[in-house]
Colleague: 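Here you go, one structure.
Chain A is the first sequence line, chain B the second, and so forth, proteins listed ahead of strands; every chain is numbered from 1. No hydrogens, no waters, no symmetry mates; every other heavy atom, side chains included, goes into these values.
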Amino acid sequence: MFTTGSKLLIGSAVLATLAAVVYGVTQVDSLGIVGLVSAALALSFLAGVNVWARDSNVSAMDATAVASSEAADVPPGNSIWPMVFAVGAATVLLGLVTQQSIFTIGIVILFAAGAQWTIQAWAEAASADPAVNETVRSRLANPLEYPLLGAVAVGGIAFSLSRVMLWLSKTNTVIAFVVLAAIVAAIAFFFAFRPSVTRGAIGGALAVGAVAIVAGGVAAGVDGERDIHVHETTADLAAEGFCASPEEGEPDENASQTVAVKANLAAEITLTRSGTLEFDVPGPLEEGGLGLTLPRANPNNILFRNDSGEHRRLSLDLGMLTEDEIAAVEEAAAEDEAHGDEAHGDESHEPFDRRQLCTTLIESGSAQLLTFTIAEPSQIYEDDPEAYRFFVPGTDAELNLVVP
Amino acid sequence: MTANERTSMHGASTPGTFGAVTHHGRLARIGAIATLGALAAGCANDAPQDTWQPAGDNAQKIHDLQWPVFLIAGVVGVAVFSVLFYALWRYRDTGQPIPKQTHGKPALEIGLTILPALILIGVAIPTVGTLMALADTDDTDCVINVTGQQWWWEIDYPVQDGCGGISQPIVTSGQMVIEVGTNVIVRGTSRDVIHSWWIPKLNGKRDMVPGRVHTNRLQADEPGIYAGQCTEFCGLSHANMRMEVIAMEHDDFEAWKANQIEAYAAPEPESLAAEGEATFISQCARCHQVDGLETADGELQIARPDLNVYSGAAPNLTNLMTRNTFAGASYDLLNETCRPLVWEAPSDRVGERYNEGVTADCLNEVELREWLRNAPAKKPMYTDPTKLEETNSLPRGMPYLALSEDQIDQLIAYLLERK
């Protein structure tokens, strides 16, 4: 006779095997079949171990224990989990024909209900005493339930707060959350200095707070985010031919905040107060020589530091555009002319014929990254129109770039 | 044949007992042979990637650390397994009653917590010290960039005052040349997937990750050829992604550098090599760069591997015949006669012989020809045009080019002059 756990594992192994067969016949993807076959093997192994160990709670020496133990005399209790499991299965089916997100929610319900159902069934086989069985269930399930439910609660509150923050203006967000923090602190002090406050009152206050936050988050989410100003990207500047210009409508006053990959710099280039470009790379390379050497066909992160005392940008000139590229640029310029270039207000730019990249205009004392990949080697290193060079518009600062 | 008949054939006086002894004896013999085999595997004479034979101060630092760590780990391992096996044997189930169950023994538990903690602290202090020493770049005198891609290493020397001064960038592949005694800093990255750079006799491993620059120190005490291999699984030909570091004396290194930046010398007009140059331009130059090579109309021939292969790079062949391996250092450019002259050269002559490069007499023409005839047949690569949807039809590795035998003759003649 098979024990309860064995039946569960044998059934799961058979199900996984059938799923593997069905999947293998209907799908060409090999990863899924590998996963299902692996699951079938693992479950078969566990089933074998369980049959051999007889659920670990029935004496191997007692051949009749499965039928005669106290646990065997107690019928299983009522459980909500089969119903939740069915809801999960229905949600999965619904998700298959509607949206992926519903399918995902169904899978989560299915697994959660399946796990709870399994644990409950396992616990009910422990003894004839429901209280003991509940303790057994809690001992196994609570270490999983508490962190997961806690994470869901924290995630929900954090998400709600983020919606509120995005709904309020930047200034009002600061004010609102300072006030909110003060209220939380005041209530906490109140509870701390009033030990007689009941547990229910504290729980009620927390529940009201959580509901208020979630409700606020829902309302803010429905109303939508505030208008968030979109800054010009370096790619936009290059595409619109602003890299040769020392001016720009909107200098980036917080450029350093965009720098997050300092550990992986190919080089650091500094515009000094004396107006020269100096570079530093990992290792003992000295300044001078032909210039900075960077590898070909690989992304390079360059950190530009502006110590000049003025708003400046670093630009990279990679030679002449091809005729097709120039034609595309002229077409884009004509379109801008026809529709008005909103991004740069009154500024206008001339069609350009050089391949250039650049940082935004940044304030003195700050830094910004420029990331680029160069496909073609710089065969010519001298004063040649095709030579690669870094420069700073509005100054004479230049630095040759060598790409082997 | 019954079990009893089989037993009686062995002549056992007590069949059951004799059978058990034989079985155990056989297992013991198999175990002993397997153990001896495993031990013997550590005694290989020709082991170019042996981390227990350091040949530079970085590898020596690791070696000085691994000895005591392995010693301590060995003592702990022997002690733990001895106690474990003793307990298994001493208290095995012989039908005795279950002993009285007790819970906890604070003194023992605290002792067995403190002792491992002390051991780990004792191991951690020199380990952290070694890691910091190996991460130091302040005392390095030469920068070499290494870029991994499926399945070869590109090695380039940027313009610098280091390395004795390099006035023009040098690009090579598969073999890194350094000066003996010089502290080299390798700056490594990758163009496609994660690779790992490891020259066991010179230093530990360093992962080469796309979008990141990782450094690795190298220094060789003596001239020689130090083998390495990619040690992060990187796809189909991971096992064929090899590399060597060639350490040579100062004068040899200077000669090597001077040779690498020599201007391009076009083949003699109307020679087989000149035909090879034209074939190279039509068949190979869209991926492989040869610095200084000009097209028929006098324009510099610029390779665009970024348009033709997934990694965006292919080995620079400007000085192919100054190296002595190809195809990710998987194959020798030197034939069996000439290879030992370089690879087994006396230490003081390694640089000189390496700098002689590959001559027509020494060329491993058989394998180079096979490679040109059908590269994917020589090295597993993703080049089947019908299976390249994921890479936008770009192959990973050198594809089959359907070259004729005449074209291969021309290319070999041309490539032999690339040094």
Colleague: Is B:Glu154 close to chain A through its backbone or its side chain, or both, or neither, when contacts mean heavy atoms under 4.5 Å?
Modeller: side chain
Colleague: Give, as side chain, backbone, both or neither, the part of B:Thr147 having an atom under 4.5 angstrom from any heavy atom of chain A.
Modeller: side chain
Colleague: How many angstroms lie between atom CD of B:Gln160 and atom CG of A:Leu292, to the nearest 0.5 angstrom?
Modeller: 12.0 Å
Colleague: Could you check whether atom CG of B:Leu88 has more than 12 heavy atoms from other residues, nucleotides or ligands sitting under 6.0 Å from it?
Modeller: yes
Colleague: Taking side chain as C-beta onward, heavy atoms only, is B:Ile302 less than 4.5 Å from A:Pro377?
Modeller: yes
Colleague: Is the count of non-hydrogen atoms from other residues, nucleotides or ligands lying under 6.0 Å from A:Phe45 atom CZ greater than 12?
Modeller: no
Colleague: Start with the C-alpha distance between B:Arg187 and A:Val281, add both sets of side-chain angles, then the distance that settles side chain to side chain contact (heavy atoms under 4.5 Å, CB included), and finish with yes or no.
Modeller: CA-CA 10 Å; B:Arg187 297 190 312 194; A:Val281 295; 3.3 Å; yes
Colleague: Return yes when atom CG of A:Asp396 has more than 12 non-hydrogen atoms of other residues, nucleotides or ligands closer than 6.0 Å, and no otherwise.
Modeller: no
Colleague: With a cut-off of 6.0 Å (strictly less than), are more than 12 heavy atoms of other residues, nucleotides or ligands near OH of B:Tyr310?
Modeller: no
Colleague: Taking it one step at a time, do A:Asn298 and B:Thr189 satisfy side chain to side chain contact (heavy atoms under 4.5 Å, CB included)?
Modeller: CA-CA 9 Å; A:Asn298 218 20; B:Thr189 187; 3.0 Å; yes
Colleague: Looking at B:Gln96, I'd like to know if its CD atom is crowded, meaning that more than 12 non-hydrogen atoms belonging to other residues, nucleotides or ligands lie closer than 6.0 Å.
Modeller: yes
Colleague: What is the distance from atom CD of A:Glu376 to atom CD of B:Gln289, rounded to the nearest 0.5 Å?
Modeller: 9.5 Å
Colleague: If you compare all heavy atoms of B:Gly211 against all heavy atoms of A:Asn301, which two are closest, and at what distance to 0.1 Å?
Modeller: O-ND2, 4.0 Å
Colleague: Using the side chain to side chain contact (heavy atoms under 4.5 Å, CB included) definition, which of the options B:Asp156, B:Val159, B:Asp291, B:Asn316 pairs with A:Pro404?
Modeller: B:Asp156
Colleague: Could you look at B:Pro305 and say if it's the side chain, the backbone, both or neither that has a heavy atom under 4.5 Å from chain A?
Modeller: side chain
Colleague: With a 4.5 angstrom heavy-atom cut-off, could you sort out which part of B:Arg304 is near chain A: side chain, backbone, both or neither?
Modeller: side chain
Colleague: In terms of heavy-atom pairs under 4.5 Å with chain A, which of B:Ser190, B:Gly165, B:Pro210, B:Cys163 leads?
Modeller: B:Ser190
